[in-house]
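Below: the structure, in C-alpha cells.
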Amino acid sequence: MKKEIIKDFIEVEKIEQTFYDGRECDYCFEKIADQEHGTRRFCPKRKDEQGNIVDCKSEFHREQNAPEKVVHVELINKHKGIAKRIDELLLKKSSEVLSADLDAYDIELTSCLDYLLKPNGILTSIFLEHTIVTNPISKTHKITQNVK
C-alpha cells in the first residue's frame, strides 16, 4: 500500500513588493505591485474587515454596463406587466375575448415581442408568456399560454 506524504507546512519566501512602474487599479486607483502580472489592471479579490468580498474588476464592469442594463430592465418590466395583465384577463374572462376586453386591461397588440400577419388577415401576436390570435372579421382574440 502506497502512503501519501502530507506536508503540514510549506515555507514560502516573502518578497517585498515594489511600485516603480506606477501601475494602479482602474477602479479604486490602488497601486499594483511590479511583481504582479504585467496585464493586471485591477486589484486581486480580497475580504474587508466585515468579511465582504471586494472585487474591483466586477464593480468596474458593473458600472460600465449600467446604462445598457437600465434599458433592458425597463423593457423586461414592461413585458412582465403585460403578461400579468393578460393573466388577470384570463382569470376574469375566458381564453376568447373581445377587443374591448384587451382595451380595458391595457393590452396593446403592438407591444408584442413578435407577430405574424397571414394573408387572410389573422394576426398572431407573441408576448412573453402568451400568444394572442386575432380574427379581424369577428374582432375576437384567442389567448393561449406559451410553452415554457
Side-chain angles (χ1 to χ4, degrees), residues 1-97 99-119 121-134 141-148:
M1 186 167 172
K2 197 173 188 180
K3 291 185 178 180
E4 284 186 48
I5 299 170
I6 300 173
K7 295 181 180 180
D8 293 331
F9 180 78
I10 298 173
E11 190 173 326
V12 177
E13 188 177 329
K14 194 76 170 179
I15 299 173
E16 190 170 327
Q17 308 244 332
T18 59
F19 300 95
Y20 299 125
D21 291 344
R23 294 186 303 151
E24 56 186 29
C25 175
D26 288 351
Y27 181 71
C28 69
F29 305 108
E30 271 299 308
K31 293 187 182 224
I32 296 176
D34 300 335
Q35 289 73 26
E36 294 285 343
H37 195 277
T39 60
R40 180 173 285 281
R41 294 178 44 212
F42 302 99
C43 302
K45 289 183 185 179
R46 61 188 184 281
K47 285 190 177 183
D48 63 5
E49 296 81 29
Q50 289 82 26
N52 300 325
I53 295 174
V54 179
D55 184 9
C56 292
K57 182 177 180 180
S58 295
E59 292 296 325
F60 177 81
H61 291 294
R62 187 175 295 124
E63 284 182 8
Q64 295 294 315
N65 296 332
E68 182 179 304
K69 284 186 177 183
V70 168
V71 173
H72 293 167
V73 167
E74 289 174 3
L75 185 63
I76 290 168
N77 287 339
K78 176 184 175 184
H79 283 284
K80 281 184 178 179
I82 292 171
K84 184 177 177 184
R85 292 194 302 271
I86 292 173
D87 285 334
E88 290 173 5
L89 176 62
L90 286 171
L91 285 175
K92 300 283 181 178
K93 303 278 185 169
S94 66
S95 62
E96 280 203 33
V97 295
S99 295
D101 297 324
L102 292 179
D103 292 338
Y105 282 85
D106 195 29
I107 300 167
E108 297 177 11
L109 296 177
T110 58
S111 298
C112 63
L113 296 173
D114 197 14
Y115 68 91
L116 174 67
L117 183 60
K118 293 184 179 175
I122 294 180
L123 173 69
T124 304
S125 304
I126 301 169
F127 289 90
L128 195 61
E129 297 176 7
H130 305 87
T131 299
I132 301 176
V133 179
T134 303
H141 309 275
K142 184 171 178 158
I143 304 171
T144 56
Q145 289 274 356
N146 293 341
V147 179
K148 294 181 182 178

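When a residue number appears, it is its place in the shown sequence, counting from 1.
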**Message:** Would you compute the distance between atom CD of Glu108 and atom OG of Ser125 and round it to the nearest 0.5 angstrom?
**Reply:** 11.5 Å
**Item:** Residue from Leu75, Asn77, Ile76 passing side chain to side chain contact (heavy atoms under 4.5 Å, CB included) with His79
**Value:** Leu75
**Request:** Measure the spacing between CD of Glu24 and CZ of Phe19 and express it to the nearest 0.5 Å.
**Result:** 12.0 Å
**Prompt:** Within the side chain of Arg23, is there an N or O that forms a donor-acceptor pair under 3.5 Å with the backbone of Ile32?
**Reply:** no
**Item:** Salt bridge Glu88-Arg85, side-chain N to carboxylate O under 4.0 Å
**Value:** no
**Item:** Asn52 side chain vs Asp48 backbone, donor-acceptor pair below 3.5 Å
**Value:** no
**Item:** Check: Lys78 and Glu74 side chains under 4.5 Å, non-hydrogen atoms
**Value:** no
**Asked** CD1/Ile143 to CG/Leu102 distance, rounded to the nearest 0.5 angstrom?
**Response** 6.0 Å
**Message:** Do Ile86 and Ile107 make a side-chain contact, defined as non-hydrogen atoms from C-beta onward lying under 4.5 Å apart?
**Reply:** yes
**Prompt:** Would a distance-only check, ignoring hydrogens and angles, find a side-chain to backbone donor-acceptor pair under 3.5 Å from Asp34 to Asp21?
**Reply:** yes
**Request:** Report the distance from atom CD of Glu36 to atom NZ of Lys31, rounding to the nearest 0.5 Å.
**Result:** 15.0 Å
**Asked** Checking side-chain contact (heavy atoms from CB on, under 4.5 Å) for the pair His130/Leu90: CA distance, chi angles, key distance, verdict?
**Response** CA-CA 11 Å; His130 305 87; Leu90 286 171; 3.9 Å; yes
**Message:** Is it the case that the side chain of Glu129 and the backbone of Gln145 share a donor-acceptor pair, with hydrogens and angles ignored and the cut-off at 3.5 Å?
**Reply:** no
**Asked** Where is the tightest heavy-atom contact between Phe127 and Asn146, given as atom of each residue plus distance?
**Response** O-ND2, 3.0 Å
**Request:** Count the heavy atoms belonging to other residues, nucleotides or ligands that lie under 6.0 Å from OH of Tyr105, then report whether that count exceeds 12.
**Result:** yes
**Message:** When you compare the side chain of Phe60 with that of Asp55, does any pair of heavy atoms fall below 4.5 Å?
**Reply:** no
**Fill in**
NE2 of His141 to OG of Ser99, rounded to nearest 0.5 Å, is 3.0 Å
**For the student: nearest non-hydrogen atoms of Asp26 and Phe42, plus distance** = CB-CE2, 3.6 Å
**Fill in**
d(Leu116 CG, Thr124 OG1) to nearest 0.5 Å is 5.0 Å
